[in-house]
Amino acid sequence: WFETLSWKYYENLKNFYANYGPAPGTFEFDMDSSHRRPSQIFTANANGSLQYVYFQVRKIGSPTGDLKATVRDATNTSIGTSAIISPASVSEDYAWLKFTFSSPPSLVSGATYKLNLFSTAINAANFYAVKTDENQGYSGGYAVYWDGAAYVNVPSITHPARKCDL
C-alpha cells in the first residue's frame with residue numbers, strides 16, 4: 001500500500017536532483033525550434049565533480065529523438081555530456097530520469113553553470129515535457145530555455161511574475 005501514497009523517495013542526496021517542488025508546473029520542449037533546451041542555472045556551493053542529474057520527464061506522442069543532458073559553464077561552453085536516454089525508456093507519465101556523465105565535469109565553488117536537457121529531434125506532434133518547480137524552491141538559480149535566439153526564463157503558470165526551477 002506504500003506505493004499508493006505517491007510519495008517520492010531518493011536513492012541518494014549527494015548529487016543534483018531537479019527540484020521536486022509542490023507546484024504544478026511543466027514545460028514542453030522540442031516541439032518546435034523556439035522551445036528547446038530547458039535548463040537549470042545553478043551556482044556550485046563546493047568544488048567537485050557532477051556524476052549524474054535527475055529530471056522529471058514524460059513523452060508526448062512518440063518522439064524519435066534521444067534525450068541527453070549537458071553542463072555548460074558561464075561562457076556557455078559544454079564541459080560535460082551525459083549518456084543518451086532513448087525515447088523507449090521515457091514514460092507517458094512523469095518519471096525521474098537519471099542522466100549519467102561518463103566523464104564527470106568538474107565544478108568550482110561559486111561558479112555558475114547551466115544544466116541543459118535536450119533531444120536530438122524536433123517534432124510538432126511528438127516531443128517531451130519536464131516538470132518545473134514554480135515556487136522556486138532552489139534560491140541559487142532559475143530555469144531558462146532556448147527560444148531560437150537566446151535563453152529566456154521558463155514561464156510560470158501559477159506565478160507569472162516569478163521565475164521557476166526545473
Side-chain angles (χ1 to χ4, degrees), residues 1-42 50-72 80-102 104 113-148 151-160 162-166:
W1 69 269
F2 184 79
E3 292 83 14
T4 65
L5 297 175
S6 296
W7 289 355
K8 299 293 179 192
Y9 54 91
Y10 301 103
E11 66 184 53
N12 127 14
L13 292 175
K14 184 177 178 184
N15 295 288
F16 176 83
Y17 285 79
N19 274 311
Y20 173 62
T26 184
F27 181 75
E28 296 176 346
F29 64 100
D30 288 345
M31 78 287 269
D32 60 40
S33 60
S34 65
H35 293 87
R36 306 276 334 255
R37 299 185 205 122
S39 307
Q40 177 68 36
I41 293 175
F42 71 99
L50 186 62
Q51 298 189 12
Y52 52 85
V53 297
Y54 281 79
F55 290 101
Q56 278 192 86
V57 179
R58 78 180 195 99
K59 66 182 172 185
I60 297 163
S62 299
T64 58
D66 295 323
L67 285 173
K68 54 184 169 173
T70 62
V71 180
R72 296 184 174 274
T81 301
S82 75
I84 290 172
I85 294 179
S86 76
S89 301
V90 182
S91 170
E92 291 181 356
D93 297 317
Y94 283 105
W96 288 105
L97 296 182
K98 181 179 183 179
F99 295 84
T100 303
F101 297 95
S102 58
Y113 299 93
K114 187 184 315 160
L115 280 171
N116 288 125
L117 178 61
F118 67 96
S119 77
T120 56
I122 297 174
N123 185 305
N126 303 292
F127 50 91
Y128 297 98
V130 62
K131 277 271 202 174
T132 64
D133 174 5
E134 295 191 348
N135 290 332
Q136 199 179 19
Y138 172 64
S139 63
Y142 52 93
V144 295
Y145 72 98
W146 182 254
D147 73 356
Y151 280 97
V152 297
N153 295 336
V154 169
S156 172
I157 296 165
T158 56
H159 304 287
R162 283 182 164 173
K163 296 177 182 177
C164 60
D165 291 312
L166 295 186

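These numbers come from the heavy atoms of this one structure, side chains and all, not from hydrogens, waters or symmetry mates. These numbers were taken from a predicted model, which means no experiment stands behind them.
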For [X] and [Y], work out which heavy atoms get closest and say how close.
X: Pro87; Y: Pro63; result: CB-O, 3.2 Å
X: Thr132; Y: Thr26; result: OG1-N, 3.3 Å
X: Ser89; Y: Leu97; result: O-CD2, 4.1 Å
X: Glu28; Y: His35; result: O-CB, 3.9 Å
X: Val130; Y: Tyr94; result: C-CE2, 4.0 Å
X: Ile85; Y: Lys98; result: CD1-O, 3.4 Å

**Request:** With the side chain counted from C-beta on, respond yes when Ser33 and Ile122 share a heavy-atom pair under 4.5 Å apart, and no when they do not.
**Result:** yes
How long is the straight-line distance from [atom2] of [Y] back to [atom1] of [X], given to the nearest 0.5 Å?
X: Asp30; Y: Asn123; atom1: CG; atom2: CG; value: 10.0 Å
X: Ser91; Y: Gln56; atom1: OG; atom2: CD; value: 11.5 Å
X: Leu50; Y: Thr100; atom1: CG; atom2: OG1; value: 10.0 Å
X: Phe42; Y: Leu115; atom1: CZ; atom2: CG; value: 4.5 Å
X: Arg37; Y: Leu117; atom1: CZ; atom2: CG; value: 11.5 Å
X: Ser39; Y: Tyr113; atom1: OG; atom2: OH; value: 15.5 Å

**Message:** Using modelled atom types and a 3.5 Å cut-off, is there a donor and acceptor pairing between side-chain atoms of Tyr128 and backbone atoms of Gly65?
**Reply:**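 Confirmed, Tyr128 side chain pairs with Gly65 backbone.
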**Message:** Between Gln40 (side chain only) and Leu166 (backbone N and O only), is there a donor and an acceptor less than 3.5 Å apart?
**Reply:**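 Yes, Gln40 side chain to Leu166 backbone: donor-acceptor pair under 3.5 Å.
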**Request:** Determine which pairs satisfy side chain to side chain donor-acceptor pair (under 3.5 Å) with at least one residue from residues 58-68, sequence neighbours left out, and list them in order.
**Result:**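 For residues 58-68, and leaving out neighbouring residues, there are no side chain to side chain donor-acceptor pair (under 3.5 Å) pairs at all.
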**Asked** Between Tyr145 and Phe27, what is the ring plane arrangement, given parallel below 30°, perpendicular above 60°, and tilted in between?
**Response**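 Correct class here is tilted.
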**Request:** Would you check, one step at a time, whether the test ring-ring contact (aromatic ring centres under 6.0 Å, His included) holds for Phe99 with Phe101?
**Result:** CA-CA 7 Å; Phe99 295 84; Phe101 297 95; 8.4 Å; no
**Request:** Mark yes or no: Arg36 above the aromatic ring of Trp146, with NZ or CZ under 6.0 Å from the six-membered ring centre and no more than 45 degrees from the axis.
**Result:**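 Judged by the rule (NZ or CZ under 6.0 Å from the ring centre, within 45° of its axis), Arg36 is not positioned above Trp146.
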